[in-house]
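Remember, predicted model here, so these are calculated numbers, not experimental data. Within every chain, numbering begins at 1; the chains are lettered A, B, ... in the order of the sequence lines, protein sequences first and strands thereafter.
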Amino acid sequence: MSGYEPKSIESRWQAVWAEEGTWEVPNPGEPGFDAAKPKAYVCEMLPYPSGEPHVGHLKCYAVGDAIAHFRRRQGFQVVHPMGYDAFGLPAENNAIKTGEPPRVATERSIESFRRQFQEWGVSIDWSREIATHKPEYYRWTQWIFLQLFEHGLAYRTEAPVQWCPKDATVLANEQVIDGRCERCGTEVIQKNLEQWFFRITDYADRLLEDFDALESWPEHVITMQRNWIGRSEGAEVVFRNTEVDLDFPVFTTRPDTLFGATFFVLAPEHPQLEKLVAGTPAKAAVREYVDRVGRESVEERGAEDREKTGVPLGRSVVNPVNGEEIPMFVADYVLMEYGTGAIMAVPGHDSRDYDFAKKFDLPVRRVIEGVDPEAPGDADGLPFTGDGPMVNSGRFDGRNNRDAYAAMIEWLKEEGRGETAVNYRLRDWLLSRQRYWGAPIPIVYCDECGTVPVPEDQLPVELPEIEDYAPHGRSPLAAATDWVTTECPKCGGAARRETDTMDTFVDSSWYYIRYLDPHNAEAPFSKEAAAYWMPVDQYIGGVEHAILHLMYARFVVKALADLGHLAVPEPFANLFTQGMITRDGAKMSKSRGNTVSPAEYVERYGADTSRTYVCFMGPPERGGDWSDEGVEGVNRFLARLWRLCDEVVERTAADAWAGDDDAPAAGRLAAGEGDARALAAKAHWSIDKATHDFERGFQFNTVIAAVMELVNDAYRLKDGLYGDPTGDAALRFATATAASLIFPFAPHLGAEVYERLTGERVWERPWPVADAAMLVSDTVEIVVQVNGKLRDRIEAPAAAGQDAVLTLAKDSDKVARHLDGKQIVKEIFVPGKLVNLVVR
RNA sequence: GCCGGAGUGGCGGAAUUGGCAUACGCGAUCGACUCAAAAUCGAUUGCCCUUGCGGGCUUGUGGGUUCGAGUCCCACCUCCGGCACCA
């Protein structure tokens, strides 16, 4: 006998899988492709290679690999690829600090990730490996940009954008968290800059509608995206200023409160502001106010409980529903980015407008009856945001505001002063970055021809090597004059290249399609390969990508589908988001010193223990706190299985049981009795439980618990079973079954134990199927309750009917004691389970 | 404020359809093996009362439905996550 030595076991099987390319799968039309098998595309979010993998990676790939193994053995053709999201800011910031080129640091990190994934024994098809910073990959990222450009889905415009002063780059709205840069935490400021955008807003409705096309996504992720898109239905209503003769459309979700509008507010960035106050006494105050707001950070301006501020314009607009002139203001609580940058203010029924009205002593008018019991408001019960009968609303008086809603819009339409409108919170995707380490935007500027796309046959536009990575308010690429200077593809004249690079979310928006045809030099992917494998059947990753990556990927797939390159509307049919692992109850961070290095645990306990532990901690969608004792518990279990195998191999006849399809042994076990049958039955119970929990989703902790129970039973019973042919068969069967079921989590140990017992490779064996006959027994335990309280458990024949079981139940002393002197008023019988006697 | 999720032993967690609450693991206690320790194997382990037999209580709180509720309904409390001056 020898102890459990994960190192030698693990390296042995890793060598087999690497040499034989065990996890490689062919595409349709390639040698070895099996058209009869259904396909399953299992994909974990690709890692961002920075430093070394952390426990979050371990968990993600352990979970994904368990699913991949389970599906393979259920007869699916599984593609399970891997790649690296190699462009991005951290590598570049490191370069600025150390002078080491981003490529060098990134590729070193990729090496480390690849080596560790192999040491973890993850079943990856390495022939499909990609990295987004390689020209053969980003060439096609550029191609996708050009496709979108040519179809009007990519455009360049000057816009107020979020700018991070520290990273010296613009950010997407999605990358600004609480007014701070997602990467470095610096407060962002607004700047007007020429930037590239993708027209994701064109897809707002389809991004919402197609949630229905998904098979299984976590509800909260869908909700987050729904909120982010922020679709609101309402009306656009035009208010007119007669003094300078300008129309001011506003968007409102409450046209029913139009009669309650008592003033009108423009955002400080509103383009008509200048014209309105030009040459008026208000001009100086307005300019001063606008300047002050402009200097404030996004965070300051968005702060909670911020006092309302603003300046009157000395102008007014006409309320189209009643002809009233209402005064105009500029105030920073109105945002230029949303709606039209102007609002009608209804202080009686909107708390923000109410606050402003109080501050500036403006009239507050009630147009809907009612008082909000939660927030009673002032002496008149205003503001009131609920529903009720309308008042002070002319011909609408007396009608419920909800009923009058449509009629109001209809009436506005007839008057030519408004119409139905839909607004979104979603903004277009700002994708240009003034940074070096990204895919260059394939655009050339020519004095004659303007903005010219680089022709497809000139791709990739390669990222040049440079010396100075620091941004100086423009992309570091701008300093590479030789590279910037080029000739116009259209006229051949002098031209310069676009020096901005693409947001890394563009790189990662389509990588899962490239996996399907990673070496294609003619196209980003073959339509056939994509048609066969897409969509991803199971996508796995952290919930931190709930909005950004997942929405961008959905957009890109929809756009590619519209342009005829793809046949699916959605990239990911099923999404699983794993919870975060903490240490000592806190998020792991280097500064806190509570990080867990997977490499260290793999070294000490082996990959099988580390992987099985992260799957056993609890439901993987929830987070969990890392515990060294927990790791040891799992290690103990795997070592127990190992020693069981050792002993069983040594002490039982080699031919007692020869594998899953060993019919004579199975028959003998089914016919057997006593402990041998009990252990065989337990093995079938484990198969049933494991299969069921796998199919239900990601109940890995209970799958592993079921295998632990099986191993525990084998230990309890083994000494009485050795030497008897049926006992030997039961032990071999139970041990091999434990190995087979634990294989998706502990592939090396699973393979080793299974091979020692059967001579077979477990991954080539189908997932076991429980024998229904072994799941039932002749007798059942019946719970006996009196008035719903448990009083006894009795053995009864499985076939016994109600009368027989009730008689048995009443015969029990423990039950009889509680029936004494009472009258049975009701008898409940649940076959095979329970009896409840109701007494008085 | 809005949206989403969760409250079960000392801890992580389990409990298919309303039917044995606390599976499995950790921790703890005891025993076997050992000169001893580690490792291993075995037993016990929700709380309270009781020498014992046994009894009572228990799934965040309060109510309800039911023969029977962790599970269903109503009200509330707490915690976590996301969004938030979005008209």
Side-chain angles (χ1 to χ4, degrees), chain A residues 3 177-178 218-228 230-232 234 250-254 257 265 267 301-308 331-335 337-346 349-353 355-356 374-375 385 423-426 543-544 546-547 579-580 613 616-619 621-634 636-637 639-640 643 689 692-693 696 699 701-709 711-712 715-716 719 781-790 792-793 814 817 825-830 832-839:
Chain A
I177 314 291
D178 292 334
E219 203 50 49
H220 65 279
V221 172
I222 293 179
T223 306
M224 280 162 72
Q225 289 205 3
R226 211 182 281 280
N227 290 345
W228 189 264
R231 184 181 201 273
S232 314
V250 298
F251 173 73
T252 178
T253 54
R254 295 296 305 275
T257 63
V265 190
R301 183 165 167 186
E304 206 177 348
D305 301 333
R306 184 177 158 91
E307 275 267 308
K308 291 281 179 290
D332 66 0
Y333 82 95
V334 175
L335 310 174
E337 309 90 84
Y338 188 79
T340 62
I343 63 155
M344 63 167 198
V346 183
H349 302 281
D350 181 285
S351 61
R352 296 154 304 177
D353 296 344
D355 292 344
F356 192 87
E374 300 283 313
T385 52
N423 239 281
Y424 302 90
R425 214 186 81 113
L426 182 70
V543 72
E544 64 273 19
I547 297 175
M580 200 176 37
Y613 172 65
F616 183 65
M617 290 173 81
E621 71 273 17
R622 270 193 250 167
D625 205 54
W626 184 274
S627 136
D628 285 355
E629 290 79 14
V631 178
E632 287 189 15
V634 168
R636 224 168 356 242
F637 156 66
R640 230 162 115 80
R643 285 193 306 272
K689 167 88 177 148
H692 189 271
D693 288 353
R696 210 166 90 182
Q699 295 273 16
N701 50 332
T702 55
V703 174
I704 295 164
V707 184
M708 287 173 168
E709 283 194 53
V711 171
N712 288 347
Y715 266 80
R716 225 182 329 271
D719 289 335
E781 193 184 67
I782 302 278
V783 169
V784 185
Q785 300 178 335
V786 177
N787 282 353
K789 282 192 175 146
L790 175 72
D792 199 7
R793 296 157 215 250
K814 289 177 184 172
R817 196 179 306 145
V825 294
K826 198 163 184 179
E827 294 170 336
I828 309 286
F829 174 67
V830 182
K833 274 190 178 154
L834 145 158
V835 162
N836 188 12
L837 302 170
V838 186
V839 299

- Closest to side chain of A:Thr223, choosing from B:rC3, B:rC67, B:rA87: B:rC3

- Message: I want to verify a distance call: between B:rC85, B:rC24, B:rA87, whose nearest atom is closest to the A:Arg306 side chain?
- Response: B:rC85

Under 4.0 Å, heavy atoms only, any strand: does [X] hit a base, just the sugar-phosphate, or nothing?
X: A:Asp332; answer: base
X: A:Ser232; answer: sugar-phosphate
X: A:Val838; answer: sugar-phosphate
X: A:Gly633; answer: sugar-phosphate
X: A:Tyr715; answer: sugar-phosphate
X: A:Ser627; answer: nothing
X: A:Val250; answer: nothing

- Query: What one-letter contact string describes nucleotides 43-53 of chain B from 5' to 3', where B marks a base within less than 4.0 Å of any protein heavy atom, S marks contact via sugar-phosphate atoms alone, and - marks no contact?
  - Reply: -----------

Interatomic distance where [atom1] belongs to [X] and [atom2] belongs to [N] [whole Å]:
X: A:Asn227; N: B:rG1; atom1: CG; atom2: P; result: 17 Å
X: A:Lys833; N: B:rA21; atom1: NZ; atom2: P; result: 13 Å
X: A:Arg640; N: B:rA39; atom1: CZ; atom2: P; result: 15 Å
X: A:Ile782; N: B:rG19; atom1: CD1; atom2: P; result: 15 Å
X: A:Arg226; N: B:rC3; atom1: CZ; atom2: P; result: 14 Å
X: A:Ile222; N: B:rC83; atom1: CD1; atom2: P; result: 17 Å

Suppose we screen for side-chain contact (heavy atoms from CB on, under 4.5 Å). Which residues come up paired with [X], at least two apart in sequence or across chains?
X: A:Asp355; answer: A:Lys308
X: A:Glu827; answer: A:Leu806, A:Lys810, A:Ile824, A:Leu837
X: A:Glu632; answer: A:Tyr605
X: A:Ser351; answer: A:Pro383

- Message: When you measure from the side-chain N and O atoms of A:Asn836 to the phosphate of B:rU66, is any distance below 4.0 Å, counting only OP1 and OP2?
- Response: no

Below 3.5 Å between N/O atoms, which protein atoms pair up with nucleotides 14-16 of chain B? Just atom names and distances, please.
from   : atom 1 : to       : atom 2 : distance (Å)
B:rA14 : OP1    : A:Asn701 : ND2    : 3.2
B:rA14 : OP2    : A:Arg622 : NH2    : 3.4
B:rA15 : OP1    : A:Arg696 : NH2    : 3.2
B:rU16 : O2     : A:His692 : ND1    : 3.3
B:rU16 : O2     : A:His692 : NE2    : 2.8

What residues form a salt bridge (charged side-chain N to carboxylate O under 4.0 Å, His left out) with [X], not counting sequence neighbours?
X: A:Asp628; answer: A:Arg583
X: A:Asp350; answer: A:Arg352
X: A:Arg254; answer: A:Asp256

Please list, pair by pair, any protein nitrogen or oxygen found under 3.5 Å from a nitrogen or oxygen in nucleotides 54-59 of chain B.
from   : atom 1 : to       : atom 2 : distance (Å)
B:rG55 : OP1    : A:His818 : NE2    : 3.1
B:rG56 : OP2    : A:Arg791 : NH1    : 3.2
B:rC57 : OP2    : A:Lys789 : NZ     : 3.4

Distances under 3.5 Å between nitrogen or oxygen atoms of protein and nucleotides 27-29 of chain B:
from   : atom 1 : to       : atom 2 : distance (Å)
B:rG27 : OP2    : A:Arg636 : NH2    : 3.4

- Task: Would you confirm whether A:Asp792, through its side chain, and A:Lys814, through its main-chain N or O, come within 3.5 Å as a donor-acceptor pair?
- Result: no

- Item | All ring pair (Phe, Tyr, Trp, His ring centres under 6.0 Å) counterparts of A:Tyr333, not counting sequence neighbours | A:Phe356

